[in-house]
*Asks:* 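Following this message is one structure expressed as structure tokens.
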Amino acid sequence: MLNVTDLTLHYGASQILYDVNLTARPGAVTAVMGTNGVGKTSLLKAIAGRHPYSSGTITLDDVALNHPGPAQAAQAGIAYVPQGREVFPLLSVTENLQTGFACLPKADHKIPDRIYDLFPVLAQMKDRRGGDLSGGQQQQLAIARALIARPRVLLLDEPTEGIQPNIIKQIGNVISLLRDEGEIAIVLVEQFFDFAYDLADEFCVLKRGSVVLSKPAAEVARDQLLAQVSI
């Protein structure tokens, strides 16, 4: 289980997050929601070791991560799929997937068939360069690359952004499958309200860098949540 406790974060002199608390458990999707600029991506970056936080604690299965860098967070089992995907444009699909081997022992440096079961299009495009894929295909590649590392926590930042509807549905199906398998804690930052609402087991709503709602999905009415995340 991932626990974020009293997390504060600054960009220079500007405070972005104020004593944020978040829990993500295996077999559940925790949706972090809110309008633009409230600190959602900053929260994911802090958890993934992409940006230092000022105070607070991040623990995974009660082990403190102690302000990890990206490599330490990845080795602890945290995989991050950033907004913008960060696919290597000149590497092939296969080579992009192989970059996920970095946290695995050498004996496990192989792409499991399961990856292609989840994302069949990647099997068809193994030799195509990442930069030649459509936005939706790049998003599938980015998620697949994260899964190569066998994460315990999967952080997804706006996975539907700029994606065609049929691929949004496929990505939603993959997230549902991963959730139902019960092994990965999934933290989803998402502006597409219906996508997040349909998938989430827990909601964490940020406003001006603070948590204003944190409840199981069963305790949050759709209209109540929509009012919290609307401008």
Side-chain angles (χ1 to χ4, degrees), residues 2 22 24-36 40-41 43-44 47-48 78-87 93 96-97 100 112-125 130 133-206 213 215-226 228-230:
L2 175 76
L22 174 80
R25 54 188 173 83
V29 174
T30 300
V32 179
M33 303 182 71
T35 56
N36 286 330
K40 304 184 301 295
T41 292
L43 175 59
L44 291 196
I47 297 170
I78 296 173
Y80 177 45
V81 181
Q83 191 175 17
R85 303 154 197 145
E86 296 182 4
V87 164
V93 166
N96 268 279
L97 292 173
D113 291 339
R114 165 179 168 79
I115 293 297
Y116 298 124
D117 292 339
L118 292 173
F119 301 104
V121 70
L122 300 182
Q124 302 165 19
M125 299 186 172
L133 303 184
S134 70
Q137 291 161 353
Q138 287 188 4
Q139 186 66 68
Q140 292 176 84
L141 175 56
I143 297 172
R145 180 179 58 189
L147 294 175
I148 289 282
R150 302 176 187 171
R152 299 156 66 198
V153 178
L154 179 62
L155 309 176
L156 300 171
D157 195 357
E158 303 282 5
T160 72
E161 185 180 44
I163 306 300
Q164 53 267 49
N166 64 315
I167 295 185
I168 289 176
K169 183 177 180 180
Q170 292 172 23
I171 289 172
N173 290 341
V174 169
I175 294 172
S176 293
L177 177 62
L178 295 173
R179 182 260 314 281
D180 293 345
E181 288 175 348
E183 297 180 2
I184 299 177
I186 301 169
V187 181
L188 171 69
V189 164
E190 185 53 65
Q191 292 280 60
F192 183 2
F193 181 86
D194 288 338
F195 183 83
Y197 185 78
D198 290 344
L199 282 172
D201 302 285
E202 308 276 344
F203 289 110
C204 176
V205 177
L206 294 179
L213 184 150
K215 288 184 178 181
E219 298 178 12
V220 183
R222 189 180 191 281
D223 290 346
Q224 175 193 10
L225 182 65
L226 187 58
Q228 290 282 4
V229 301
S230 299

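In this chain, residues are counted from 1 in sequence order.
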*Asks:* What is the minimum heavy-atom distance between Gly27 and Asp201, and which atoms define it?
*Replies:* O-OD2, 4.3 Å
*Asks:* Please give me the minimum heavy-atom distance between Ala31 and Ala200, naming the atom from each residue.
*Replies:* CB-CB, 3.7 Å
*Asks:* Any side-chain heavy atom of Gln140 within less than 4.5 Å of one from Phe119?
*Replies:* yes
*Asks:* Starting from the C-alpha separation in whole Å, work towards a yes-or-no answer on side-chain contact (heavy atoms from CB on, under 4.5 Å) for Leu147 and Ile115.
*Replies:* CA-CA 8 Å; Leu147 294 175; Ile115 293 297; 4.0 Å; yes
*Asks:* Report the residues that fulfil salt bridge (Lys or Arg N to Asp or Glu O under 4.0 Å) with Glu190, sequence neighbours left out, ordered by chain and then residue number.
*Replies:* none
*Asks:* Hey, what do you get for CZ (Phe195) to CD1 (Ile171), rounding to the nearest 0.5 Å?
*Replies:* 6.5 Å
*Asks:* Roughly how far, to the nearest 0.5 Å, is CD of Glu183 from CZ of Arg150?
*Replies:* 11.0 Å
*Asks:* Does any N or O in the side chain of Glu161 come within less than 3.5 Å of the main-chain N or O of Gly84, such that one atom is a donor and the other an acceptor?
*Replies:* no
*Asks:* Between Val220 and Gln228, is the side-chain contact (heavy atoms from CB on, under 4.5 Å) condition met? List the steps.
*Replies:* CA-CA 11 Å; Val220 183; Gln228 290 282 4; over 6 Å; no
*Asks:* Please report the closest heavy-atom contact between Ile163 and Ile168, naming both atoms and the distance.
*Replies:* O-CD1, 3.4 Å
*Asks:* Check Phe203 against Ala196 and note the closest heavy-atom contact, atom names and distance.
*Replies:* CE2-O, 4.1 Å
*Asks:* Nearest 0.5 angstrom please: Ser176 OG to Leu199 CG, how far?
*Replies:* 4.5 Å
*Asks:* If we only count heavy atoms from C-beta on, is the Ile186 to Thr30 side-chain gap below 4.5 Å?
*Replies:* no
*Asks:* Can you give me the closest heavy-atom contact between Ile143 and Val81, atom names plus distance?
*Replies:* CA-CG2, 4.0 Å
*Asks:* Please report the shortest heavy-atom distance between Leu97 and Ala144, naming the atom on each side.
*Replies:* CD2-CB, 3.7 Å
*Asks:* Quick check for you: to the nearest 0.5 Å, what is the distance between Tyr80 atom OH and Glu86 atom CD?
*Replies:* 7.0 Å
*Asks:* Is the CG atom of Asp113 crowded by more than 12 outside heavy atoms at less than 6.0 Å?
*Replies:* no
*Asks:* To the nearest 0.5 Å, how far apart are CD in Gln138 and CD1 in Ile167?
*Replies:* 10.5 Å
*Asks:* Should Met33 and Leu226 be marked as a side-chain contact (heavy atoms from CB on, under 4.5 Å) after you check the CA-CA gap, both sets of side-chain angles, and the distance that decides it?
*Replies:* CA-CA 10 Å; Met33 303 182 71; Leu226 187 58; over 6 Å; no
*Asks:* So, do Ile148 and Pro112 sit near enough that their side-chain heavy atoms are less than 4.5 Å apart?
*Replies:* yes
*Asks:* Side-chain contact, heavy-atom cut-off 4.5 Å: Val121 with Leu133?
*Replies:* no
*Asks:* Between Arg85 and Leu141 (side chain of the first, backbone of the second, donor and acceptor by atom type, cut-off under 3.5 Å), is there such a pair?
*Replies:* no
*Asks:* Between the side chains of Glu181 and Arg114, is the shortest nitrogen-to-carboxylate-oxygen separation below 4.0 Å, so that they form an ion pair?
*Replies:* yes
*Asks:* With the side chain counted from C-beta on, respond yes when Asp194 and Arg222 share a heavy-atom pair under 4.5 Å apart, and no when they do not.
*Replies:* yes
*Asks:* List the atom pairs, with distances to 0.1 Å, where a side-chain N or O of residues 151-159 and a protein N or O form a donor-acceptor pair under 3.5 Å, not counting sequence neighbours.
*Replies:*
from   : atom 1 : to     : atom 2 : distance (Å)
Arg152 : NH1    : Ala76  : O      : 3.0
Arg152 : NH2    : Asp61  : OD2    : 2.1
Asp157 : OD1    : Thr41  : OG1    : 3.4
Asp157 : OD2    : Thr41  : OG1    : 2.8
Glu158 : OE1    : Gln191 : N      : 3.0

*Asks:* After noting the C-alpha distance and the side-chain angles of Glu202 and Val29, does the key distance pass the side-chain contact (heavy atoms from CB on, under 4.5 Å) rule?
*Replies:* CA-CA 6 Å; Glu202 308 276 344; Val29 174; over 6 Å; no
*Asks:* Nearest 0.5 angstrom please: Gln137 CD to Gln164 CD, how far?
*Replies:* 7.5 Å
*Asks:* Judged by atom type as modelled, is there a donor-acceptor pair below 3.5 Å linking the side chain of Lys40 to the main-chain atoms of Leu206?
*Replies:* no
*Asks:* If the condition is salt bridge (Lys or Arg N to Asp or Glu O under 4.0 Å), which residues does Asp198 pass it with, not counting sequence neighbours?
*Replies:* none
